[in-house]
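Below is one structure, written out as structure tokens; the observations come after it.
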Amino acid sequence: MYCIDELKKEFGDGITGYFANPNIHPYDEFMRRKGSARRACEIKGIPLIINETYSFGPWASFPEQSVYSNRCEMCYTIRAELAAKKAAETDHGYFTSTLFISPYQDHELMKNVFEKAGRRFGVEFLYRDFRGGFREGQLQARESGLYRQKYCGCIKSLIGE
Ligand code: SF4
């Protein structure tokens, strides 16, 4: 919710939400997060596009032979590419991610991954460090009665690996 507030200051009504979280485990959790995204966008008055793809299988184990250094880089890449592709398809000039509000993610790695995805799909990646609004975002979500996640998302993060 904080990210939407910040982007609205810059872009007014020209922003669109995009939900794409294929590796959230289990499916109930995917549904809860999707519901929260929908509600947050309704509250803030912005449209939301939902990607219904759900495919947690590849996340149970990280492939031994991988082009990625770890599973989070793979995860960032999939999300960045989905978002960049959707932004290009829907004629948005920029794209970014709510991941950049998290103090638990690797910002430098995410930045590189998102910039690369932007180049691949011909849409500019907008880097914003939303971390200063992490607590405010949590507070807004609590006050609005939104579900708040208890772990990052994939099956590995659920079991604490
Ligand atoms: S820990 Fe989080 S960022 Fe890393 S792979 Fe799992 S869901 Fe993705």
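One-based numbering, in listed order, for ligands and for the atoms of each.
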**Item:** Cys72 near atom 4 (Fe) of ligand 1 via N/O/S, less than 2.8 Å
**Value:** yes
**Asked** Gln105 near ligand 1, heavy-atom distance under 4.0 Å?
**Response** yes
**Item:** For Cys152, atoms of ligand 1 separated by under 4.0 Å from a heavy atom
**Value:** 1 (S), 2 (Fe), 3 (S), 7 (S)
**Asked** Is Lys34 salt-bridged to Glu52, cutoff N-O under 4.0 Å?
**Response** yes
**Asked** Can you list the residues that meet the side-chain hydrogen bond (donor to acceptor under 3.5 Å, both in side chains) rule with Arg148, with sequence neighbours excluded?
**Response** none
**Message:** According to side-chain contact (heavy atoms from CB on, under 4.5 Å), who are the partners of Arg39, at least two apart in sequence or on a separate chain?
**Reply:** Glu42, Ile43, Leu146
**Request:** Answer yes when Glu115 and Lys111 have at least one side-chain N-carboxylate O distance shorter than 4.0 Å, and no when they do not.
**Result:** no
**Request:** Consider ligand 1: state whether an atom of it lies below 4.0 angstrom from any non-hydrogen atom of Arg71.
**Result:** yes
**Prompt:** Side chains of Gln105 and Cys152: closer than 4.5 Å at any heavy-atom pair?
**Reply:** yes
**Request:** Using a strict cut-off of 4.0 Å, indicate which atoms of ligand 1 neighbour a heavy atom of Cys154.
**Result:** 1 (S), 5 (S), 6 (Fe), 7 (S)
